[in-house]
Each structure stands twice: as structure tokens, then as C-alpha cells.
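Everything below concerns the one structure shown next.
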Amino acid sequence: MGAPNKLWKLWREKGSGLLERFEPIDEKTFAHRGEAMLSFLREHCIRGNARKFRIFLDGREVERISLDSQCHVSCSVGFHKVYVKLDSLTSPVVNLKAEAGQRYYFDIACTMNEGMILQRIEEKKEEQR
């Protein structure tokens, strides 16, 4: 892949403001079961607007997500591979070590140059002094 275009750069930079767009979830529910929660957000992008993107966890389709929506998938503790597909377009795999009671956030997009994109959104930790 060549150098990222302007749209890709803007999309990558918006990551920190995305956490506020996720629906609140009672985290005690999945923490009590010893599971982790994966939350996905799909907003307007260049390609595939009329189609549902397919979300895969460890090679198995676990959910489909429409435009301007979000979904949540619980998973067991341990190492997982997460990716998204639209027909023959597949995002790079995101490797994740899931911990019980933790919620992990992802943003999904599909651009003309980069194809399918799955970006993990990291919560910023306050620096301890």
C-alpha cells in the first residue's frame, strides 16, 4: 500500500473522540461471566454504505454491522484475532489479548485506497504523578 491519503489521515486522527459515541453498557454483566466485550462502531465512509460489514472473531463470523450503527460481541479471555470483511475486501487482522471484565473498542471503515480498515480505539490512561 502506498502513502495514506488525506481521508485516511483524518480518519486516523479522529480516534480519540470516538469513545464518546459508544453506547454505555453495564460492564458488570460480562465481567460477572468472566468475559470481555468487543464494541464496534461503523460510521459513514466511502465504500459499502448500503451493505452490512461482516465481523469475524477467530475465523468465525460473529456479527454484521450496518452503516451508522454499533454492535457488541462478548468473547472469552485469551488471545483472539479480529477482522472485518465486505465481499472480497478484508481488513488487516487485529490481534487482541482479552481480559475478563474489559471492554475493547473498534472503529470500522472502508476507503477507496486502503480498503477495509479495522482500528482499535485505545482509552487514554491518566498519567499518575
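Just so it is clear, the values below take in all heavy atoms, side chains as well, and ignore hydrogens, waters and symmetry mates. It should be emphasised that the depicted structure is a prediction, and the values quoted were computed from it without experimental measurement.
Each of Y83, F56, F106 was checked for a side chain to side chain contact (heavy atoms under 4.5 Å, CB included) with S91, and the lone residue meeting it is Y83.
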(Q) Show, in sequence, the C-alpha distance, side-chain angles and deciding distance for K81 and N95, and conclude whether the side-chain contact (heavy atoms from CB on, under 4.5 Å) test is met. (A) CA-CA 5 Å; K81 295 183 180 299; N95 293 303; 2.9 Å; yes
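A heavy-atom distance below 4.5 Å is found between the side chains of L96 and L38. At least one side-chain heavy atom of Y104 sits under 4.5 Å from a side-chain heavy atom of E99. Between E63 and F40, the closest side-chain pair of non-hydrogen atoms is not below 4.5 Å. Counting heavy atoms from C-beta on, the side chains of I121 and L41 never come closer than 4.5 Å. Between K85 and T90 there is a side-chain heavy-atom pair separated by less than 4.5 Å.
When the side chain to side chain contact (heavy atoms under 4.5 Å, CB included) test is applied to R64, the partners found at least two apart in sequence or on another chain are K52, R54, E61. For D87, the side chain to side chain contact (heavy atoms under 4.5 Å, CB included) partners are R51, not counting sequence neighbours.
A distance of 5.0 Å separates CG of L86 from CZ of F53, quoted to the nearest 0.5 Å. Atoms CD1 and CG, from I108 and L67 in turn, are 11.0 Å apart once rounded to the nearest 0.5 Å.
Between the S66 side chain and the S69 main chain, no donor and acceptor come within less than 3.5 Å of each other.
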Please tabulate, for the side chains in residues 70-79, all donor-acceptor contacts under 3.5 angstrom to protein atoms that are two or more places apart in sequence or on a different chain.
unit_1	atom_1	unit_2	atom_2	d
Q70	OE1	E23	N	2.9
Q70	NE2	R21	O	2.9
H72	ND1	S39	OG	2.8
H72	NE2	E23	OE1	3.3

